[in-house]
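Take a look at the structure set out below.
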Amino acid sequence: MEEELKGLTKPPAGNSLHLKLLRALIVRGTTTLRPTITKKGIRYYKAERRVKNIPPKEIPKLLERLSREGKIKAELFDRVIACSECGCPKVTPKFACPKCGSEAIETIELYEHITCGYMDSKEAFLTTGTLTCPKCGTELSEDDPKFNMIGTCYQCNDCGNRFEKPETVFICQNCKKKLTFSNAKYLKIYSYTIPEQTVREFGKEIPILEFIQEKLNKKGFVIHCDGEVEGISGLMHPFSIVARKDDFLVVVDVVSSATKDEMLAIIGKRADVPADKFIVISVANGPTKILRRIKGIDFFNGSDVTKFKKRFKKYFQQHF
Ligand SMILES: [Zn+2]
Ligand SMILES: [Zn+2]
Ligand SMILES: [Zn+2]
């Protein structure tokens, strides 16, 4: 398990990667994860350090899945505008001309010659070199009561358009794509905590799986944690441990919640997977009796780890 966690073996199959992450977090005592918003995406650095062989960009998806499955708790951390093209959650807001889309806009002060009603920027009144109304030609002075600043507006340097409200656009800091309200993504990002109950459940599972691996290792099995096996149907089935020695195949699965779905999944896997030993350990509180009655399943209760180890040792000596 230690080796597996340090990433010395190849990445496990995708189907149960989320459980691998969860176990690694629990083993290292990490129960809270906060996101960091970077140009390259939402990162959970603490989680990345715990599982070196899972690509960082996969981690948010795995955490989402764990949260959907009720194994960890998500809490809204923030909302971010993200790029629709590359997913980057860092964008720079910019003002743009509503007519031509140019970002080369600036605020200008508008003046009015009240006598004739002409309105323009100050520069327009200064084109002759002295302050003069471009419409009626009257010479003006700064303190002329008929010459007034009436407000400010935006002016586009590219198309000359003047407007009160600029459009807001967002420039992706990663791929530089220009985004608007209609094509930017507005995402929720989450922090996560691993609840006590999950720590307890997996806290049992981890030493159990380590124990089994150790036994199989000593017998010369090649082990994949969170591996997959192809069934007779062609479907791929995930297991906590997949171990092979020549043609002999051992699969190990852990029942953690004892829901009907979980049990049916195991029964289905048993029917489809041609394993020589199909070991199931329950660390769940719920009833798992039905699994004991399925032919071809070597069932163990794992609620007491010490007792489990004793029983498994005996079983292993007899069958391996
Ligand atoms: Zn413009
Ligand atoms: Zn005038
Ligand atoms: Zn982008």
Side-chain angles (χ1 to χ4, degrees), residues 5-7 11-12 14-15 17-26 28-108 152-159 161 163-195:
L5 290 172
K6 278 179 204 144
N15 237 340
L17 214 53
H18 63 308
L19 296 178
K20 182 193 172 68
L21 171 63
L22 181 59
R23 278 190 211 110
L25 293 172
I26 292 172
R28 302 292 155 88
T30 303
T31 54
T32 56
L33 293 172
R34 284 164 69 88
T36 306
I37 301 158
T38 78
K39 246 161 86 165
K40 295 285 168 207
I42 308 293
R43 305 282 294 264
Y44 293 88
Y45 287 120
K46 241 205 255 175
E48 287 175 22
R49 285 197 294 272
R50 301 294 182 266
V51 278
K52 296 261 159 55
N53 56 351
I54 296 179
K57 71 175 199 315
E58 293 299 317
I59 287 180
K61 291 181 219 161
L62 299 176
L63 292 171
E64 248 176 70
R65 180 164 173 201
L66 285 168
S67 155
R68 259 201 323 275
E69 291 179 3
K71 292 185 174 71
I72 64 174
K73 231 182 105 226
E75 211 173 306
L76 187 62
F77 180 81
D78 205 352
R79 286 182 165 88
V80 291
I81 298 164
C83 176
S84 54
E85 190 72 27
C86 72
C88 167
K90 278 209 160 183
V91 298
T92 310
K94 288 263 172 83
F95 286 156
C97 169
K99 196 169 149 199
C100 75
S102 168
E103 291 147 40
I105 64 171
E106 57 189 345
T107 44
I108 55 161
T152 59
C153 73
Y154 285 91
Q155 179 171 286
C156 175
N157 291 349
D158 285 333
C159 74
N161 182 27
F163 45 93
E164 252 179 76
K165 277 188 193 156
E167 207 143 281
T168 309
V169 294
F170 307 95
I171 311 297
C172 171
Q173 286 186 17
N174 184 47
C175 75
K176 309 294 174 208
K177 186 184 161 82
K178 190 192 274 188
L179 307 155
T180 63
F181 291 111
S182 55
N183 68 358
K185 289 198 274 186
Y186 196 44
L187 302 179
K188 287 178 186 172
I189 56 172
Y190 296 93
S191 59
Y192 294 97
T193 49
I194 306 178

Which value, rounded to the nearest 0.5 Å, describes the distance between I72 atom CD1 and T32 atom OG1?
11.0 Å
Could you grab the distance from atom SG of C100 to atom CG of D158, nearest 0.5 Å is fine?
5.5 Å
Name all residues meeting the salt bridge (Lys or Arg N to Asp or Glu O under 4.0 Å) criterion together with E85; count only those two or more places apart in sequence or in a different chain, and write none if there are none.
K177
Just one of S191, P56, P35 clears the side chain to side chain contact (heavy atoms under 4.5 Å, CB included) bar with Y44, so which one?
P35
Any residue meeting salt bridge (Lys or Arg N to Asp or Glu O under 4.0 Å) with E58, in chain and number order, not counting sequence neighbours:
K61
Residue pair T36 / T38, side-chain donor-acceptor N/O under 3.5 Å:
no
How about F77: does its CZ atom have over 12 heavy atoms from other parts shown lying under 6.0 Å from it?
yes
Heavy-atom side-chain proximity of E48 to I59 below 4.5 angstrom
yes
Least distance between heavy atoms, N174 atom then K39 atom
CB-O, 3.9 Å
Output all residues satisfying side chain to side chain donor-acceptor pair (under 3.5 Å) with E69, sequence neighbours left out; order by chain, then residue number.
H18, R65, K71
Residue pair Y186 / I81: nearest heavy atoms and the distance that separates them:
CD1-CG1, 3.8 Å
Between the side chains of T92 and Q173, does any donor sit under 3.5 Å from an acceptor?
yes
To check you understand the geometry: which heavy-atom pair defines the closest contact between C156 and C159, and what is its length?
SG-N, 3.2 Å
Could you pull out the closest heavy-atom pair between G101 and K178, with the gap in Å?
O-NZ, 3.0 Å
State, yes or no, whether a side-chain contact exists between L17 and L21 at a heavy-atom distance under 4.5 Å.
no
Could you give the distance from OG1 (T107) to CD (Q155), rounded to the nearest 0.5 Å?
10.0 Å
K185 (side chain) donor-acceptor with P89 (main chain) under 3.5 angstrom:
no
Give me the atom names and distance for the closest heavy-atom approach of I105 to S102.
CG2-O, 3.7 Å
K20 to I54 - nearest heavy-atom pair and separation:
CD-CD1, 4.4 Å
